[in-house]
Asks: 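Handing you a structure now.
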Amino acid sequence: MDCFSLSRLHTYIRRVISLNFPEPVWVRAEILNVVSKSGHYYLELAEKSPSDEILAQSSAVLWKNQAADVSKNLGTTVSGILKTGNEIMFKAQVDFHVRYGLKLQLLELNKEFTLGLMAINKQKVIQRLQQEGLWQKNKTCELPLHLKNIAIIASKSSAAFADFTHQLNNNVYGYKYGIKCFDVAVQGQFAVSSICEAFHKLQSGKKFYDLIVLIRGGGSRHDLSDFDQFEISKAVSQCQIPVLTGIGHQTDESVTDLSAFKSLKTPTAVAEFIVHHTLNLEEQTELIAQFIFQNSFERLQRLRTNLQYFQSDLQYSAKQHVSAELLNAMRFEHKLREITKDLYVKTKEKHAALLAFLVANDPVEILNKGYSISTIQGKSLHHLSKIESGQELTTRYNSGILKSKITDVWRKEN
């Protein structure tokens, strides 16, 4: 019975594999996990069924020296493609290592397959956003007229951030903005999670921002593929603050660009948009101020003209009123004079009549006519009802006074 040592068995298996796969083979698989270490990429690959069940699984490696050639052929870094969840088509050498066992050594990536798959995944992300009611929801936000506090999601050490802040802070109009940078990774395996975390901080923070700017420098489609991921697009769509994007300089837009309030081609273009927005507000404010000034001036002129008309009319009306009142006063004076004259005449006539009456009824005159006045105890005697016998009667005549004593009274019987 033959007995193999482990090393002899591995040598035998390697020989068999080399005989079966003398040349590299093309393989299609989904990346379950990827670890980058010292420039090497260690991948865990799988083939899945339509129900997402793993049918086969294998490990693969892309060595550091080979990764440079692969990146050169693709026109981008492999880190943008070798991500968990991505499906890849690659040329691999089937290798067996005594210590590490069976491995696929990745030699080349199929560029056309990767680009086509990226386009398909992009559409899937858009459809998912639509199904969840999030598609372009950020576009319904209202951009404030005055942009004062601006949050920037970018790599603080990147040229994109430097270009944006330089363009914004050194604008020719001298506008000043309050900016706060949320430093994130814009490429690599932590890009998606760090960008989403920045949006979470902005949404849950106490400070309110007028605008959020998401920027990244230029790159190939592979380099910018993170911005086609569902998680970032969802974070942008759910954001209640307007989001402006300036991602790379590619002609096609990422799903994040399509989800944002407004997409511009470069970080510099985003800064220019903000400055022009402020300039537009200033111009509109000046136009409104000019309109208010002109309208106020014209209205003041109309009021002055109306005041002059009113003053002239008031002077004329006052003059007419004074003339009318003077005429009425003259008429009243003439009438008053006539009334006074008539009253004087009547009063004079009444006075003369009264005087004649008084003269005619003067006791002296009455006595001169032969009449006499009889009194008892100083009281005039008008009737005999209270006269008693024995009382003294004083009778005054014109020529003198006669005193007598009543001896008897004969009263007139009814």
Asks: Rounded to the nearest 0.5 Å, what separates atom CD1 in Ile88 from atom CD1 in Ile31?
Replies: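 Going from CD1 on Ile88 over to CD1 on Ile31, the span is 4.0 Å.
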
Asks: Taking C-beta and beyond as the side chain, do Phe230 and Val192 meet within less than 4.5 Å on heavy atoms?
Replies: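 The answer is no, as the side chains (C-beta and beyond) never meet within the 4.5 Å cut-off.
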
Asks: What are the two closest non-hydrogen atoms of Val236 and Ala260, and how far apart are they?
Replies: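 Nearest pair, atom of Val236 first, then Ala260: CG1-CA, 3.7 Å.
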
Asks: Please lay out, stage by stage, how Arg337 and Lys341 fare under the test side-chain contact (heavy atoms from CB on, under 4.5 Å).
Replies: CA-CA 6 Å; Arg337 287 179 180 274; Lys341 184 178 180 180; over 6 Å; no

Asks: Okay, side chain of Ser237, backbone of Leu134: is any donor-acceptor separation there less than 3.5 Å?
Replies: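 Side chain of Ser237 to backbone of Leu134, a donor-acceptor pair under 3.5 Å: yes, one is there.
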
Asks: Any donor-acceptor pair under 3.5 Å linking the side chain of Asp210 with the backbone of Lys148?
Replies: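 It does hold such a pair.
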
Asks: Using a 4.5 Å cut-off on heavy atoms from C-beta on, say whether the side chain of Ser259 contacts that of Asn138.
Replies: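 No, too far: nothing below the 4.5 Å cut-off.
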
Asks: Less than 3.5 Å apart, any donor N or O on the side chain of Glu44 or Gln57 sitting next to an acceptor on the other?
Replies: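 There is such a pair between these side chains.
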
Asks: Nearest 0.5 Å please: distance from the CZ atom of Arg299 over to the CG atom of Asn306.
Replies: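 Taking CZ in Arg299 and CG in Asn306, the distance rounds to 11.0 Å.
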
Asks: Under 3.5 Å, side chain of Asn169 to main-chain N/O of Thr165, donor-acceptor pair present?
Replies: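 Between the backbone of Thr165 and the side chain of Asn169 there is a qualifying donor-acceptor contact (under 3.5 Å).
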
Asks: Nearest 0.5 angstrom please: Ile152 CD1 to Ile179 CD1, how far?
Replies: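 Output value for this atom pair is 4.0 Å.
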
Asks: Run the side-chain contact (heavy atoms from CB on, under 4.5 Å) test on Gln187 and Arg216 for me, step by step, so that the C-alpha distance in whole Å, both residues' side-chain angles and the decisive distance to 0.1 Å come before the verdict.
Replies: CA-CA 9 Å; Gln187 61 183 11; Arg216 185 203 188 281; 2.8 Å; yes

Asks: Is the Phe297 ring parallel, tilted or perpendicular to the Phe293 ring (thresholds 30°, 60°)?
Replies: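 Because their plane-to-plane angle is under 30°, the rings of Phe297 and Phe293 count as parallel.
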
Asks: Spell out, as yes or no, whether a donor-acceptor pair under 3.5 Å connects the side chain of Asn295 to the backbone of Phe291.
Replies: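 No, because the side chain of Asn295 does not come within donor-acceptor range (under 3.5 Å) of the backbone of Phe291.
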
Asks: Please report the interatomic distance CD1(Ile339) to NZ(Lys346), rounded to the nearest 0.5 Å.
Replies: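 One finds 10.0 Å between CD1 of Ile339 and NZ of Lys346.
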
Asks: Taking side chain as C-beta onward, heavy atoms only, is Glu253 less than 4.5 Å from Lys265?
Replies: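 Touching, per the 4.5 Å side-chain cut-off.
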
Asks: State, without any angle test, whether Gln301 and Arg304 hold a side-chain donor-acceptor pair at a distance under 3.5 Å.
Replies: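 Yes.
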
Asks: Looking only at heavy atoms, what is the nearest atom pair of Asp228 and Ser254, with distance?
Replies: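 Nearest pair, atom of Asp228 first, then Ser254: OD1-CA, 3.2 Å.
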
Asks: Do Gln294 and Glu298 pair up side chain to side chain, a donor and an acceptor below 3.5 Å, judged on atom types alone?
Replies: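 Result is yes, a qualifying pair exists.
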
Asks: May I ask you to decide if Leu214's main-chain N or O and Thr245's side chain share a donor-acceptor pair within less than 3.5 Å?
Replies: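 Here the side-chain-to-backbone pair does not exist.
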
Asks: Is the closest side-chain heavy-atom distance between Thr375 and Lys379 below 4.5 Å?
Replies: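 Thr375 does not reach Lys379 side chain to side chain.
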
Asks: How close do Ala191 and Val186 get, heavy atom to heavy atom, and via which atoms?
Replies: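 Taking Ala191 first and Val186 second, the nearest heavy atoms are CB-C, 3.8 Å.
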
Asks: Decide if atom CZ of Phe208 counts as having more than 12 heavy atoms of other residues, nucleotides or ligands within a radius under 6.0 Å.
Replies: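 Yes, the 6.0 Å shell around CZ holds more than 12 heavy atoms from other groups.
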
Asks: With a 3.5 Å distance limit and no angle check, can you tell me whether Asn110 reaches the backbone of Phe90 through a side-chain donor-acceptor pair?
Replies: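 Absent.
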
Asks: Quick one: does Tyr209's side chain get under 4.5 Å of Leu202's, heavy atoms only?
Replies: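 Yes, their side chains come closer than 4.5 Å.
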
Asks: What do you reckon, is CD of Gln377 surrounded by more than 12 foreign heavy atoms closer than 6.0 Å?
Replies: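 No - once you tally the heavy atoms of other residues, nucleotides and ligands closer than 6.0 Å, there are 12 at most.
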
Asks: May I ask you to test the Ile195-Phe199 pair for a side-chain heavy-atom distance under 4.5 Å?
Replies: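 Yes; the side chains approach each other to less than 4.5 Å.
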
Asks: So, the side chain of Gln66 versus the backbone of Leu107: is there a donor-acceptor pair under 3.5 Å, distance only?
Replies: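 Yes, the answer is positive, given that a donor and an acceptor are paired below the 3.5 Å cut-off.
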
Asks: With rounding to the nearest 0.5 Å, note down the distance linking CD in Glu333 to CG in Asn328.
Replies: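 Interatomic distance, Glu333 CD to Asn328 CG, rounded to 0.5 Å: 12.5 Å.
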
Asks: Would you sort out whether Val94 and Val25 count as a side-chain contact (heavy atoms from CB on, under 4.5 Å), showing the intermediate values?
Replies: CA-CA 8 Å; Val94 181; Val25 294; 4.1 Å; yes

Asks: When you check the gap from the basic side-chain N to the acidic O, do Lys48 and Glu53 get nearer than 4.0 Å?
Replies: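 Not counted as a salt bridge, because no side-chain N and carboxylate O are separated by less than 4.0 Å.
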
Asks: Any sub-3.5 Å donor-acceptor pair from Ser312's side-chain atoms to Tyr309's backbone N or O?
Replies: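 Answer holds: no.
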
Asks: What distance separates Phe227 CZ from Asp257 CG, expressed to the nearest 0.5 Å?
Replies: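 One finds 8.5 Å between CZ of Phe227 and CG of Asp257.
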
Asks: What is the minimum heavy-atom distance between Ile153 and Val184, and which atoms define it?
Replies: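 In this case the closest contact between Ile153 and Val184 is CG2-CG2, 3.8 Å.
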
Asks: Taking Ala160's backbone N and O only, do any of them form a donor-acceptor pair with Asp163's side chain (distance below 3.5 Å, no angle check)?
Replies: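 A pair under 3.5 Å: no.
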
Asks: Applying the side chain to side chain contact (heavy atoms under 4.5 Å, CB included) test to Pro242, which of Ile212, Leu211, Leu147 qualifies?
Replies: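 With Pro242 as partner, side chain to side chain contact (heavy atoms under 4.5 Å, CB included) holds for just one option, Leu211.
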
Asks: Restricting to ring-ring contact (aromatic ring centres under 6.0 Å, His included), what partner residues turn up for His276, sequence neighbours left out?
Replies: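 Expected list: none.
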
Asks: Is there a side-chain contact between Ile274 and Val213, using heavy atoms and a 4.5 Å cut-off?
Replies: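 SC-SC contact between Ile274 and Val213 confirmed.
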
Asks: Does NE2 belonging to His40 count more than 12 external heavy atoms closer than 6.0 Å?
Replies: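 Enclosed: over 12 neighbouring heavy atoms sit under 6.0 Å from NE2 of His40.
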
Asks: Do Gln167 and Thr268 have a side chain donor and acceptor closer than 3.5 Å?
Replies: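 There is no such pair (donor and acceptor under 3.5 Å, judged by atom type) between the side chains of Gln167 and Thr268.
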
Asks: Please find the pair of heavy atoms, one from Phe164 and one from Pro267, that lie closest to each other, and give the distance.
Replies: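 Heavy atoms of Phe164 and Pro267 come nearest at CD1-O, 3.3 Å.
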
Asks: Test your reading of the model: is there a side-chain donor-acceptor pair from His277 to the backbone of Pro144, 3.5 Å cut-off?
Replies: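 At least one qualifying donor-acceptor pair exists.
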
Asks: Which pair of heavy atoms, one from Leu258 and one from Lys139, lies closest together, and at what distance?
Replies: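 That would be O-CE, 3.3 Å.
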
Asks: Once you measure the plane-to-plane angle for Tyr177 and Tyr175, does it fall in the parallel (<30°), tilted (30-60°) or perpendicular (>60°) bin?
Replies: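 Geometry flag for Tyr175 against Tyr177: perpendicular rings.
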
Asks: Does a sphere of radius 6.0 Å around CD in Glu132 hold more than 12 heavy atoms from other residues, nucleotides or ligands, not counting ones at 6.0 Å or beyond?
Replies: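 Buried by this count: over 12 neighbours within 6.0 Å.
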
Asks: So Val34 and Tyr42, side-chain contact (heavy atoms from CB on, under 4.5 Å) or not? Walk me through it.
Replies: CA-CA 6 Å; Val34 58; Tyr42 302 93; over 6 Å; no

Asks: Given side chains that start at C-beta, do those of Tyr41 and Lys64 come closer than 4.5 Å, heavy atoms only?
Replies: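 Tyr41 does not reach Lys64 side chain to side chain.
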
